[in-house]
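A short write-up of the structure that comes next.
The chains referred to below are lettered A, B, ... by the order of the sequence lines, with proteins before strands, and numbering in each begins at 1. Just so it is clear, the values below take in all heavy atoms, side chains as well, and ignore hydrogens, waters and symmetry mates.
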Amino acid sequence: MDKIKLFNSLMSKKEEFIPFDDKCVKIYACGPTIYKSPHVGNFRSFIIFDVLFRFMQQIYPKVIYVRNLTDIDDKIISESKLRNIPHKSLTNEVHESFKFDSEKLNVLNPTYEPKATEYIHNMIQDIEKLIENGFAYVADGNVLFDSTKYDDYRAFCKNMNSESGARIELTSIKKHENDFVLWKPSNDVFWSSPWGNGRPGWHIECTSMSKEILGFPFDIHCGGQDLIFPHHTNERAQGYGLCNVDCAKYWIHNHFVNIDNNKMSKSSSNALDLKKLLEKYNPMVIRLFLLMSHYRHPMNWSEDGLEEAGNIYAKWKRSLSEIEIGNTILSSVYNALADDINTPLAIKKISEIIKNNEDLGSAKKSCEILGIHFNDAGSIDNDLIEGLVQKREEARKNKDYNLSDQIRDQLKQMGIIIEDSKDGIKWRKE
RNA sequence: GGCCGAGUGGCAGAAUGGCUUAUGCAGAGGAUUGCAAAUCCUUUUAUGUCGGUUCGAUUCCGGUCUCGGCCUCCA
């Protein structure tokens, strides 16, 4: 078995994964902002980290996986105003929808799924501590983080903000261009604080929740690539300001799902509604498709790609659905996943094993690590189908091929595929 | 403008300093079949571009082109 290696964005290289405590691995992933249902692009992230979670559980006796819900921010407030409903109703509704989609796509529940609004108290405490430690200052009912107090601020972004072309504006309350809000005044949705009624900034939410639940430092911090700056940059700064430590050791970031060569995002209105896709495609096919390219590479959403994933899934299902699941995963799949979660390679290895009809039990176990199952949704009327299959067989024996083909078409309409193999007639769901 | 990433056969997408150049889909031919389906066998096509290092590069280095991302909320 190979060593586990992960690409650490902080170092820009693959590193061997060595947990702080090999009895208990701690992972934090930035979850969705629940003002609008997550789209397939968001789910690429949740699925890849779900695979990481499953894989780590396979190796370490205990894994604590935290994925938060951002249930308070500007977009939530404006969306709830737009729809004229309380922000709580909006976030509850979107959360329910997210749970539904996650279940369909076989995304496991994280160990903890904290909501930001349940940790306001911790955030206020942490902000006070940051002020006390000299990393934050108060301005006009706002509290801001002083980015110049953290020397390593640019670790992720390097020379990103050069003089020309930088789009950051110095507002009247900011002392430095990279300073960011920890607390801001608010009069529609607010909590009381030492600085008046207001609400937290986005970055402190994740810091307070990960600090409270996992403690600093924890092992892996995950998220989409677009979070590197400013979100994760600022989380590191806050963690340092609070505990004088890097809050996480490994930072891993997934690339995006593109559509027509452009990033899919909620704000650019090219996002595909997962609910509609789930009506059209088997969720396992969508999941497999999203795992068919490496998480650090951009991938393009395409019908052809889904069709291909559908073919692979159908092939796997034919070989594995009746097989008893094994206890161990294939070593080739282990090594593929150990090498920076190389899911396309893992898929290749599973396909090879199935093709050679080798260790199918372990192949099925490997599928489980990828979160691919072969359970049929919905019930089918076995007696009805068996009856039709037998009727067709009789017609075939009598060489009444018109009738037999008619029944085959009828079954096909019901989503049942007939196969006349050498060892008898088989049927399966499409 | 700065920083980052990507460019592999018809498509998707791995791997690799040289060896029989994956895998899947599609295409072609064949076996099997009442016809199909499924399965099996055979088979065609590739590493953006220009240089450098090397006995040898798709792989390392540099230039160049193209595309994408971040620099504002974003998985």
Need one value for [X]: base, sugar-phosphate or nothing, where a base atom within 4.0 Å counts as base even if backbone is also close, heavy atoms only.
| X | answer |
| --- | --- |
| A:Asn311 | sugar-phosphate |
| A:Glu352 | sugar-phosphate |
| A:Ser404 | base |
| A:His231 | nothing |
| A:Gly305 | nothing |
| A:Ile312 | sugar-phosphate |

query = Hey, does the Lys NZ or Arg CZ of A:Lys14 hover above the aromatic six-ring of A:Phe7, less than 6.0 Å from the centre and inside 45° of the axis?
reply =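 Not flagged: A:Lys14 not positioned over aromatic ring of A:Phe7.
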
task = Test A:Asp50 against every option in A:Arg67, A:Arg287, A:Arg44 by the salt bridge (charged side-chain N to carboxylate O under 4.0 Å, His left out) rule and name the one that passes.
result =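 Going through A:Arg67, A:Arg287, A:Arg44 one by one, the salt bridge (charged side-chain N to carboxylate O under 4.0 Å, His left out) with A:Asp50 is satisfied by A:Arg287 alone.
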
Looking at [options], which one has an atom nearest to any side-chain atom of [X]?
| X | options | answer |
| --- | --- | --- |
| A:Lys315 | B:G13, B:G24, B:C35 | B:G24 |
| A:Pro344 | B:A14, B:G34, B:G68 | B:A14 |
| A:Glu419 | B:A38, B:A14, B:C71 | B:A38 |
| A:His294 | B:A38, B:A14, B:G69 | B:A14 |
| A:Val257 | B:U23, B:A14, B:A75 | B:A75 |
| A:Ser351 | B:U23, B:A75, B:A6 | B:U23 |
| A:Asn262 | B:G68, B:A14, B:A75 | B:G68 |
| A:Lys263 | B:A75, B:A37, B:U23 | B:A75 |
| A:Asn342 | B:U39, B:A14, B:A75 | B:A14 |

Under-4.0 Å side-chain N/O to phosphate OP1/OP2 contact, [X] with [N]:
| X | N | value |
| --- | --- | --- |
| A:Arg428 | B:A38 | no |
| A:Lys266 | B:A75 | yes |
| A:Lys355 | B:G24 | yes |

inquiry  = I'd like to check A:Lys365 versus A:Gln58 (side-chain heavy atoms, cut-off strictly below 4.5 Å). Are they in contact?
reply    =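 Result yes, sub-4.5 Å side-chain heavy-atom pair found.
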
Below 3.5 Å, does any donor atom in the side chain of [X] face an acceptor in the base of [N], or the other way round?
| X | N | answer |
| --- | --- | --- |
| A:Asn258 | B:G69 | no |
| A:Lys348 | B:A14 | no |
| A:Arg396 | B:G34 | yes |
| A:Asp420 | B:C35 | yes |
| A:Arg408 | B:C35 | yes |
| A:Glu308 | B:G24 | yes |

message = When you compare the ring of A:Phe256 with the six-membered ring of B:G69's base, are the centres less than 5.5 Å apart and the planes under 30° from each other?
response =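 So no, this residue does not stack on that base, at least one cut-off failing.
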
ask   = Taking the side chain from A:Asn92 and the backbone from A:Leu90, do they hold a donor-acceptor pair closer than 3.5 Å?
value =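 Looks like no, no N/O pair under 3.5 Å.
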
query = Short question: side chain of A:Asn282, backbone of A:Met284 - any donor-acceptor pair under 3.5 Å?
reply =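 At least one qualifying donor-acceptor pair exists.
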
What integer distance in Å separates [X]:[atom1] from [N]:[atom2]?
| X | N | atom1 | atom2 | result |
| --- | --- | --- | --- | --- |
| A:His253 | B:G69 | NE2 | P | 18 Å |
| A:Arg318 | B:G24 | CZ | C1' | 13 Å |
| A:Tyr28 | B:A75 | OH | P | 12 Å |
| A:Ile77 | B:C73 | CD1 | C1' | 14 Å |
| A:Asp226 | B:G68 | CG | C1' | 13 Å |
| A:Asp409 | B:A37 | CG | P | 13 Å |

Would you tabulate the side-chain donor-acceptor contacts of residues 71-81 of chain A under 3.5 Å, counting partners in other chains and residues two or more places apart, or write 'none'?
from	atom 1	to	atom 2	distance (Å)
A:Asp71	OD1	A:Ala116	N	3.2
A:Asp71	OD1	A:Thr117	N	2.9
A:Asp71	OD1	A:Thr117	OG1	3.4
A:Asp71	OD2	A:Thr117	OG1	2.6
A:Asp73	OD1	A:Lys75	N	3.1
A:Asp73	OD1	A:Ile76	N	3.0
A:Asp74	OD1	A:Lys184	NZ	3.4
A:Asp74	OD1	A:Arg199	NH1	3.1
A:Asp74	OD1	A:Arg199	NH2	2.6
A:Asp74	OD2	A:Lys184	NZ	3.3
A:Ser78	OG	A:Asp74	O	3.2
A:Ser78	OG	A:Lys75	O	3.2
A:Ser80	OG	A:Ile76	O	3.1
A:Ser80	OG	A:Ile77	O	2.9
A:Lys81	NZ	A:Asp188	OD2	2.8

Between [N] and [M], how far is it from one [atom1] atom to the other, in whole Å?
| N | M | atom1 | value |
| --- | --- | --- | --- |
| B:C60 | B:A6 | P | 10 Å |
| B:A22 | B:U16 | C1' | 11 Å |
| B:C25 | B:U42 | P | 15 Å |
| B:C71 | B:A46 | P | 40 Å |
| B:G51 | B:A38 | P | 48 Å |
| B:U21 | B:A15 | C1' | 9 Å |
| B:G30 | B:A37 | P | 15 Å |
| B:U39 | B:U44 | C1' | 23 Å |

Complementary nucleotide of [N], counting Watson-Crick and G-U pairs under 3.5 Å:
| N | answer |
| --- | --- |
| B:A31 | B:U39 |
| B:G5 | B:C67 |
| B:U23 | B:A12 |
| B:A57 | none |

query = Between A:Arg296 and A:Asp405, which is nearer to the 5' end of RNA chain B once each is assigned its nearest nucleotide?
reply =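 The answer here is A:Arg296.
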
task = Starting from the 5' end of RNA chain B, give me the residue, A:Ser302 or A:Cys30, whose nearest nucleotide shows up first.
result =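 Final value for this comparison: A:Ser302.
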
ask   = Can A:Glu322 and A:Arg428 be counted as an ion pair, charged N to O under 4.0 angstrom?
value =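 No salt bridge links A:Glu322 with A:Arg428.
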
task = Inspect the surroundings of NZ in A:Lys275 and state if more than 12 heavy atoms from other residues, nucleotides or ligands are less than 6.0 Å away.
result =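 Check passes, neighbour count above 12.
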
ask   = For A:Glu103, does the CD atom sit with more than 12 other heavy atoms under 6.0 Å from it, leaving out its own atoms?
value =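 Incorrect, the count does not exceed 12.
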
